[in-house]
Amino acid sequence: DAQYQLGAHLQAQGSKLRDQANALKLNDPNFDKLIAESDEYYRQATVPLEAYITALPNDKAVLTVLSQLHRALKNTEKALEYKKRLDAAE
C-alpha cells in the first residue's frame with residue numbers, strides 16, 4: 001500500500017537522522033538540529049500511517065510504529081492509545 005510505503009520511508013529517514021544525532025559527541029551543536037529534522041520526518045510519517053491504520057486497524061506492525069513515533073514526538077496520549085490498540089490486537 002502506498003500510504004504504508006510512504007510512512008515507512010519517512011520513518012526510516014527520521015530514524016537515520018536520530019542515529020546520526022546520537023552518534024555525535026556530547027554537546028555537539030548539531031544535535032538539536034538533527035533531532036528537530038528527525039521529529040519533522042516522524043510527524044510527516046504519522047499522517048500516511050494513521051490513514052493506513054484506519055483501513056487496517058489491527059495491523060500490529062503499524063500500531064507498533066505509530067506508538068513509537070508518537071512516543072518519540074512526546075505525544076504521550078497518542079502513544080498510549082496506539083499501544084492499547086496493539087495490546088488488544090494481540
Side-chain angles (χ1 to χ4, degrees):
D1 185 285
Q3 291 173 323
Y4 174 80
Q5 294 298 324
L6 176 58
H9 172 73
L10 292 167
Q11 186 263 341
Q13 292 299 318
S15 293
K16 183 177 172 182
L17 287 168
R18 197 162 288 251
D19 289 344
Q20 289 174 6
N22 289 328
L24 295 173
K25 292 182 180 181
L26 188 62
N27 298 321
D28 188 303
N30 292 314
F31 180 83
D32 290 338
K33 178 184 174 211
L34 288 171
I35 293 297
E37 289 178 32
S38 170
D39 286 351
E40 183 55 33
Y41 275 106
Y42 283 177
R43 273 189 284 283
Q44 291 177 19
T46 63
V47 175
L49 291 175
E50 287 176 345
Y52 178 87
I53 207 67
T54 300
L56 295 165
N58 294 319
D59 187 313
K60 293 177 187 177
V62 176
L63 288 169
T64 300
V65 170
L66 282 166
S67 178
Q68 292 169 344
L69 288 172
H70 283 291
R71 187 175 65 234
L73 293 168
K74 297 179 177 40
N75 297 335
T76 307
E77 279 187 42
K78 279 282 207 183
L80 289 173
E81 173 190 329
Y82 286 114
K83 176 70 171 101
K84 286 177 186 175
R85 286 177 61 182
L86 173 63
D87 291 345
E90 294 183 322

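Heads up: numbering here begins at 1 and tracks the sequence.
The line from NZ of K33 to CG of N30 is 6.0 Å long, rounded to the nearest 0.5 Å. To the nearest 0.5 Å, atoms CG (L10) and CG (L69) are separated by 10.0 Å. One distance of note links NZ of K16 with OG of S38; it measures 12.5 Å at 0.5 Å rounding.
Hydrophobic clustering (ILVMFWY, side-chain heavy atoms < 4.5 Å, transitive): L6 and L66 are in distinct clusters. Side-chain heavy atoms closer than 4.5 Å link hydrophobic residues (I, L, V, M, F, W, Y) into clusters, and following such links, possibly through other members, connects L24 to I35. The same ILVMFWY cluster, assembled from side-chain heavy atoms under 4.5 Å apart, contains both L86 and Y4. A single hydrophobic cluster is not seen to contain both L56 and V47; linkage of ILVMFWY side chains at heavy-atom distances under 4.5 Å, directly or through other members, places them apart. Two different hydrophobic clusters hold Y42 and L34 under the rule that ILVMFWY side chains link at heavy-atom gaps under 4.5 Å.
Nearest heavy atoms, A89 versus L63: CB-CD1, 4.3 Å. Here the shortest heavy-atom pairing between R85 and I53 reads NH2-CG1, 3.8 Å. Closest heavy-atom contact between S67 and A79: OG-O, 3.1 Å. Nearest heavy atom pair, residue G7 against residue A45, reads O-CB, 3.5 Å.
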Can you check side chain to side chain contact (heavy atoms under 4.5 Å, CB included) on T76 and R71, steps first, answer last?
-> CA-CA 6 Å; T76 307; R71 187 175 65 234; over 6 Å; no

L26 and F31: side chain to side chain contact (heavy atoms under 4.5 Å, CB included), yes or no, with the steps?
-> CA-CA 9 Å; L26 188 62; F31 180 83; over 6 Å; no

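Remark: D39 engages R18 in a salt bridge, criterion side-chain N to carboxylate O under 4.0 Å. For the pair R43 and E40, the salt-bridge criterion is met [side-chain N within less than 4.0 Å of a carboxylate O].
In this structure, L49 and Q3 have side chains that are not in contact, with every pair of non-hydrogen atoms separated by 4.5 Å or more. The side-chain heavy atoms of E77 and E81, taken from C-beta on, include no pair separated by under 4.5 Å.
Side-chain polar atoms of D59 and Y52 form a donor-acceptor pair below 3.5 angstrom. For the 3.5 Å distance criterion, the side chains of E50 and Y82 qualify, holding a donor opposite an acceptor. For the residue pair S15/Q11, the side-chain donor-acceptor check at 3.5 Å is satisfied.
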